[in-house]
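To keep things clear, I will list the structure first and then write my remarks on it.
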Amino acid sequence: MRRAFRAQPAAASGRAPCPNLAAGPLRFYCEVYRPFTTGTQIMKPRVRFAPSPTGFLHIGGARTALFNWLFARHHGGTFVLRIEDTDVARNTQAAVDIILEGLRWLGLDWDEGPVTSDATGASRGPCGPYFQSQRKDSYRQRVEALLSRGLAYEKEGAIRFKMQREPITIPDMVCGDIVRPLTDREELDPDFVIVRSDGEPVFHLVNVVDDLDMGITHVIRGEDHLTNTAKHIALFRAFGVEPPRYAHIPLILNPDGSKMSKRDQGAIISVYMEEGFAPEAVLNYLCLLGWSPKDNREIMPLAEIIERFDLPGVLRSSAKFDMTKLQWVNWEYIRSMPNDRYYELAVHALGKAGINTNTFPVEYVRAALDTVKEKPKTFSELPGWCDFYFKDEIVFAPEAVERDFVPANTAGLAKLRDALEQLATFKSSDIEATLKATAKELGVKAGVLVHPTRMACTGKPIGPSLYHLMQVLGKDRTLARIGHALNHPGFGG
RNA sequence: GACCCUAUGGUCUAGCGGUUAGGACACCUCCCUUUCACGGAGGUAGCCCGGGUUCGAGUCCCGGUAGGGUCGCCA
């Protein structure tokens with residue numbers, strides 16, 4: 001039983017082989033792995049994102065996916081999604097869904113890979129299954145091949161790979177040629193386990209076999225894999241093929257320079273979905289961490305990023321995550337967003353805050369949202385800027401009440417209310433003229449009336465343009481709110 | 001402990017032997033103004049340290065230091 005992994009016959013798996021790989025001989029793979037240097041035919045790159053379903057999509061993982069995706073799109077290649085769900089106990093279908101949802105939210109569509117989170121379900125592309133849990137046959141065959149050729153051996157129930165002792169040069173498209181000698185611990189025993197004693201293959205093995213089976217030409221992944229790449233290169237060579245090209249991208253760190261874990265601010269993609277970030281803004285910001293267009297461009301449409309992104313522009317040093325700048329990018333995206341998309345995201349955000357805009361006329365909702373489009377950094381902030389449009393009972397901000405709802409303002413506010421009542425049309429220009437005329441009659445600056453009026457209408461000391469907000473609110477609602485505020489004890493009864 | 005990567009304002013970055021070291025976020029000041037903002041005009045702040053190469057070094061080399069990564073029957 002403990003040898004379950006090897007106990008099954010090494011029968012050919014039933015799945016259809018990749019078109020590039022169908023011919024069979026290992027030698028053929030070499031051409032696949034040298035797409036830009038061999039033959040007369042230029043082969044398009046095939047890259048992959050291979051997350052482990054841990055229950056969240058880490059921002060570093062999302063950026064790795066993004067760089068792979070951009071590379072594929074830039075070169076007209078293929079972006080493959082593969083699920084590394086070898087740890088059955090930990091990986092649930094719900095955890096896979098979180099990955100898929102995150103990638104879809106970001107707009108990182110995959111050309112090959114799962115269609116749903118069901119590991120045994122449908123997939124797209126000729127190199128399936130795209131779940132490692134479904135690829136045991138392939139791993140077993142590869143291990144048998146190594147065993148039969150004396151390149152691996154069994155010890156204490158596990159199968160170990162015979163690692164070379166000489167340093168391995170890792171040709172990296174970002175870092176250059178990296179020479180990786182053995183560490184002192186590895187000097188003692190350079191071999192490593194590729195199949196555990198319980199029969200389960202380990203990461204280094206399955207990762208290499210899958211990349212080989214799927215014809216992956218470029219491995220773009222986090223720098224944390226850099227030194228382990230020597231193992232992978234040795235494995236590829238043991239299988240008789242040249243390894244793919246590698247590009248190790250720098251990690252994303254916390255503002256204090258420590259490693260980001262899922263608990264750190266901004267570390268998981270779901271918070272951006274929940275906090276009302278625009279996915280295109282998150283994507284744009286992520287591009288800027290570890291890649292530079294070199295010409296000071298920052299806010300770029302996706303089409304331009306795809307056109308300009310390439311591995312030579314990837315930086316070698318790790319970057320610290322800066323939520324403030326992300327918020328700025330998001331704000332830039334919101335304010336320049338097409339109105340229809342803005343309305344859609346805004347209505348969604350208001351709904352999440354318990355404000356049902358469906359009970360208001362569409363034109364009213366849009367006019368209200370128009371007045372605050374440049375305000376929020378994220379959509380989750382939006383209700384705070386415009387909820388007064390949609391509530392009958394508004395709550396007065398306490399500190400501002402003390403400042404504005406005072407006896408000294410009573411007569412002025414009442415006078416303004418009366419003046420507004422006389423208006424035949426209730427346009428912002430009329431309202432502004434009326435308020436300023438009233439202020440002049442009272443011999444005060446406009447601000448003296450503006451503050452208590454804003455408070456009466458919105459309950460807040462800050463917000464959109466007062467005159468425009470009153471126009472949107474409409475005459476009846478505006479007068480009612482001012483009248484109601486005048487009853488506040490602060491005005492002296 | 002060993003090995004690998006990295007090092008420009010607080011942050012993201014441009015620079016690729018000769019620059020008043022550029023841009024963006026953040027911060028500060030002023031102007032504009034119905035609030036908060038936007039916008040406009042300014043400002044504070046940077047080449048980790050030490051050697052070397054060179055007429056000349058942020059830029060090349062070496063050594064430190066610091067940060068990150070790896071050396072698992074985790075992925």
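Residue numbers begin at 1 in each chain, while the letters A, B, ... track the order of the sequences. Everything numeric in this text was worked out from a predicted model, so none of it was measured.
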Applying a 4.0 Å non-hydrogen cut-off, can you work out what [X] is touching in the nucleic acid: base, sugar-phosphate, or nothing?
| X | result |
| --- | --- |
| A:H248 | nothing |
| A:G257 | sugar-phosphate |
| A:L435 | nothing |
| A:G290 | sugar-phosphate |
| A:R335 | sugar-phosphate |
| A:V179 | sugar-phosphate |
| A:Y285 | nothing |
| A:L226 | sugar-phosphate |
| A:P464 | base |

The side chain of [X] lies closest to which of these nucleotides: [options]?
| X | options | value |
| --- | --- | --- |
| A:K320 | B:U11, B:U70, B:A75 | B:U11 |
| A:T183 | B:C38, B:G1, B:A14 | B:G1 |
| A:E298 | B:C12, B:A24, B:C5 | B:A24 |
| A:S292 | B:U13, B:U11, B:G39 | B:U13 |
| A:R196 | B:G68, B:G1, B:C74 | B:C74 |
| A:S197 | B:G23, B:C73, B:A2 | B:C73 |
| A:I178 | B:A75, B:C4, B:A7 | B:C4 |
| A:P181 | B:C38, B:U6, B:C3 | B:C3 |
| A:S465 | B:U6, B:U34, B:U70 | B:U34 |
| A:K231 | B:A75, B:G23, B:C71 | B:C71 |

[atom1] atoms of [N] and [M], separation to the nearest Å:
| N | M | atom1 | value |
| --- | --- | --- | --- |
| B:C25 | B:C3 | C1' | 37 Å |
| B:U44 | B:G51 | C1' | 33 Å |
| B:G9 | B:C48 | C1' | 13 Å |
| B:U70 | B:U13 | C1' | 28 Å |
| B:G46 | B:U11 | C1' | 12 Å |
| B:C71 | B:C61 | C1' | 29 Å |
| B:G1 | B:U8 | P | 26 Å |
| B:G39 | B:A75 | P | 50 Å |

With the threshold set at 4.0 Å, does a side-chain nitrogen-carboxylate oxygen contact exist between [X] and [Y]?
| X | Y | result |
| --- | --- | --- |
| A:K377 | A:E332 | no |
| A:D198 | A:R196 | yes |
| A:E381 | A:K375 | no |
| A:E304 | A:R308 | yes |
| A:E112 | A:R48 | no |

Check whether the side chain of [X] and the base of [N] form a donor-acceptor pair under 3.5 Å.
| X | N | value |
| --- | --- | --- |
| A:K325 | B:A24 | yes |
| A:D295 | B:G23 | no |
| A:K460 | B:C36 | no |

Does NZ or CZ of [X] fall inside the cone over [Y]'s six-membered ring, less than 6.0 Å from its centre and within 45° of the axis?
| X | Y | value |
| --- | --- | --- |
| A:K373 | A:Y342 | yes |
| A:K231 | A:F192 | yes |
| A:R341 | A:Y343 | no |

Side-chain N or O of [X] versus OP1/OP2 of [N]: is the shortest distance under 4.0 Å?
| X | N | answer |
| --- | --- | --- |
| A:N228 | B:C71 | yes |
| A:K294 | B:G15 | yes |
| A:T86 | B:A75 | yes |

Pair partner, [N] [Watson-Crick or wobble, under 3.5 Å]:
| N | result |
| --- | --- |
| B:U6 | B:A66 |
| B:A26 | none |
| B:G58 | none |
| B:U34 | none |
| B:U19 | none |

How close or far is atom [atom2] of [N] from atom [atom1] of [X], stated in whole angstroms?
| X | N | atom1 | atom2 | value |
| --- | --- | --- | --- | --- |
| A:D224 | B:C5 | CG | P | 16 Å |
| A:W331 | B:A26 | CH2 | C1' | 13 Å |
| A:L253 | B:C5 | CG | P | 18 Å |
| A:D370 | B:C38 | CG | P | 20 Å |
| A:W328 | B:C38 | CH2 | P | 12 Å |
| A:D322 | B:G9 | CG | P | 14 Å |
| A:K445 | B:U33 | NZ | C1' | 11 Å |
| A:M455 | B:C36 | CE | P | 15 Å |

>> If you assign each of A:R403 and A:R180 to its closest nucleotide in RNA chain B, which residue comes earlier from the 5' end?
In response: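 Per heavy-atom nearest nucleotide, the more 5' residue is A:R180.
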> Considering heavy-atom distances to RNA chain B, does A:C175 or A:F321 have its closest nucleotide positioned more toward the 5' end?
Replying inline: A:C175
> Where does the angle between the aromatic ring planes of A:H488 and A:F396 fall among parallel (under 30°), tilted (30 to 60°) and perpendicular (over 60°)?
Replying inline: perpendicular
> How should the glycosidic conformation of B:C55 be described, syn or anti, under the criterion that syn lies within 90° of 0?
Replying inline: anti
> Would the A:F309 and A:F67 ring centres measure less than 6.0 Å apart?
Replying inline: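 That pair passes the under 6.0 Å test.
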